Amino acid sequence: MSLTNSQYDSILHKYDVRRRRRDMLIEERKKEIYSAIPEYRNIDKEIASVSIEAGLASLSGAGNLDTLKEKIEELHVKKNLLLTSKGYSVNYLEPPYTCSYCKDTGYIGTELCHCFKQAILDYSYEQTNIKSLLAEENFDSLSYEYYDGADLRSFKNAEEKARSLVDNIDSNPSNILFTGSVGTGKSFLSNCIANELIKNGRSVIYFSSISLFENISSFKFRRQSSSISDNFISDIYSCDLLVIDDLGSELTNQFVCSELFAIINERHIRNKSTVISTNLNLEEISERYSSRVFSRIYSFYEVCLMSGNDIRIYKKRLENRK
């Protein structure tokens, strides 16, 4: 089903909270600046006075409007100099928006902003828990500490492909299959890609393989307990990035094979990027999902074979030693 009014209102409420927090922060910083730099308050008052005069001149046609505009510009420059002379940034009283595109309104004109569309996807497919994971697993937190030799080379190759997908998603959308043993960084790089594209305003849907096919089954057979969106299949086919994590962990049958083929094929036709992580090797993929699925993956995907020890176990051992 589509979002209910209460769910839609819940998303709008989050935007209201963002704006209120920003407004409160601006007020707090303004009080700080007025206290630290009294002259700054006087310039603000003068700008307000000259702006009113400029507005009246614009309406009446009387007065030198250009001179008044120049005066306002000079006063703004003077304010910036005062801030920097006291060690503040010129943007100190203009903290960034969470989304600079819509300025935390959720809309650009009358159109939904990409951040609102992503919020709908998150709400519809219960992805809010993914956000906390992506905050930890991203390119900024990437480390080569746990790799060496051939394992390091394979990881760096996979990283290069991941960054390339992000950088070229407009001009040349691509797909990646991360394959290899448990704990070698496959899901981590998938999360890096998802995080970066969400930050860049792209629509991202993230599913474990088990959850993806369970939801497709619920949607297609319309189980009464299903709360999946009416747009589910359309969203799966058309989102900018689909991440399928841990392919092979699901109970594989003819239905799964058919749906996986449809997803891979349809997203290729629509020129949309897909990232799949799996512990299966190519031969196992061919045996489990059919030769035609294997053929599509082999033809349409960059295959990144990742190797090494299980990083999760290694990290756990280090923690236990502390």
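Worth saying up front: this structure is predicted, and the values here are computed from it rather than measured.
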S.K.: Using only heavy-atom distances, determine whether the side chains of Asn175 and Ser273 contain a donor-acceptor pair under 3.5 Å.
M.R.: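 No.
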S.K.: May I ask you to decide if Ser249's main-chain N or O and Asp246's side chain share a donor-acceptor pair within less than 3.5 Å?
M.R.: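 Not confirmed, Asp246 side chain does not pair with Ser249 backbone.
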S.K.: Given the side-chain rings of Phe116 and Tyr15, with only the six-membered ring counted for Trp, is the space between their centroids under 6.0 Å?
M.R.: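 That pair passes the under 6.0 Å test.
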S.K.: Determine the interplanar angle of the Phe294 and Tyr298 rings, folded into 0 to 90°, and report it as parallel if under 30°, tilted if 30 to 60°, perpendicular if over 60°.
M.R.: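 It falls in the parallel class, under 30°.
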S.K.: May I ask you to check whether over 12 heavy atoms, not counting those of Asn157, lie within 6.0 Å of atom CG?
M.R.: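 Enclosed: over 12 neighbouring heavy atoms sit under 6.0 Å from CG of Asn157.
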S.K.: Can you confirm whether the side chains of Asp245 and Ser208 place a donor and an acceptor under 3.5 Å from each other?
M.R.: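 On atom types as modelled, these side chains do not qualify, holding no pair under 3.5 Å.
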S.K.: Does the side chain of Gln118 pick up a donor-acceptor pair with the side chain of Asp122 at under 3.5 Å?
M.R.: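 Yes, side-chain donor-acceptor contact under 3.5 Å.
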S.K.: Would you say Glu284 and Tyr289 are linked by a side-chain donor-acceptor pair, where the criterion is simply a distance under 3.5 Å?
M.R.: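 There is no such pair (donor and acceptor under 3.5 Å, judged by atom type) between the side chains of Tyr289 and Glu284.
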S.K.: Just by modelled atom types, is the Leu56 backbone N or O under 3.5 Å from a matching donor or acceptor in the Ser60 side chain?
M.R.: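 Indeed, once roles are kept as given, a pair shorter than 3.5 Å links the two residues.
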S.K.: Cation-pi check, Arg292 to Phe261: give yes when NZ or CZ is under 6.0 Å from the six-membered ring centre and within 45° of the ring axis, no otherwise.
M.R.: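 Here Arg292 passes the 6.0 Å and 45° test against Phe261.
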S.K.: Which of parallel (below 30°), tilted (30 to 60°) and perpendicular (above 60°) describes Tyr147 and Phe155?
M.R.: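 Plane angle under 30°, so parallel.
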S.K.: Side chains of Tyr34 and Glu39: do they bring a donor and an acceptor to under 3.5 Å?
M.R.: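 There is no such pair (donor and acceptor under 3.5 Å, judged by atom type) between the side chains of Tyr34 and Glu39.
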S.K.: For the residue pair Ser203 and Asp240, confirm or rule out a side-chain donor-acceptor distance under 3.5 Å.
M.R.: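 A donor-acceptor contact under 3.5 Å links the two side chains.
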S.K.: Any side-chain heavy atom of Cys115 sitting closer than 4.5 Å to one from Cys102?
M.R.: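 Yes, close enough: below the 4.5 Å cut-off.
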S.K.: Does Ser258 use its side chain to pair, donor to acceptor, with the backbone of Gln254 at less than 3.5 Å?
M.R.: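 No: the side chain of Ser258 does not pair with the backbone of Gln254.
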S.K.: Does the Ser85 side chain pair with the main chain of Leu81, one donor and one acceptor, at a distance under 3.5 Å?
M.R.: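 The answer is yes, because a donor-acceptor pair under 3.5 Å joins these two groups.
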S.K.: Quick check against the 3.5 Å criterion: does Asn64 have a side-chain atom that pairs as donor or acceptor with the backbone of Thr67?
M.R.: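 Here the side-chain-to-backbone pair exists.
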S.K.: Quick check against the 3.5 Å criterion: does Asn191 have a side-chain atom that pairs as donor or acceptor with the backbone of Ser187?
M.R.: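 Yes, the answer is positive, given that a donor and an acceptor are paired below the 3.5 Å cut-off.
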S.K.: Treating Ser190 as the side-chain partner and Lys186 as the backbone partner, does any N or O pair qualify as donor plus acceptor under 3.5 Å?
M.R.: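 Such a contact is found between Ser190 side chain and Lys186 backbone.
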S.K.: Do Thr252 and Glu250 have a side chain donor and acceptor closer than 3.5 Å?
M.R.: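 Thr252 vs Glu250: donor-acceptor pair found between side chains.
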S.K.: Establish, yes or no, whether the cationic atom of Arg270 lies under 6.0 Å from the six-membered ring centre of Tyr237 and within 45° of the ring axis.
M.R.: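 Pair Arg270/Tyr237 does not count as cation-pi.
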S.K.: Establish, from distance only, whether the side-chain atoms of Asn215 and Ser211 form a donor-acceptor pair under 3.5 Å.
M.R.: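 Note: Asn215 and Ser211 side chains meet the donor-acceptor criterion.
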S.K.: Does CZ belonging to Arg21 count more than 12 external heavy atoms closer than 6.0 Å?
M.R.: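 No, not enclosed.
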S.K.: Would you say Leu251 ends up clustered with Leu260 if hydrophobic residues are merged whenever their side chains have heavy atoms under 4.5 Å apart, either directly or through other cluster members?
M.R.: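 In one cluster with Leu260: Leu251, no.
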S.K.: Is the backbone of Asn138 close enough, under 3.5 Å, to the side chain of Ser141 for a donor and an acceptor to pair up by distance?
M.R.: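 Yes, Ser141 side chain to Asn138 backbone: donor-acceptor pair under 3.5 Å.
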S.K.: Quick one: does any side-chain atom of Arg267 pair with a main-chain N or O of Ile236 as donor and acceptor, under 3.5 Å?
M.R.: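 Side chain of Arg267 to backbone of Ile236: a pair is present.
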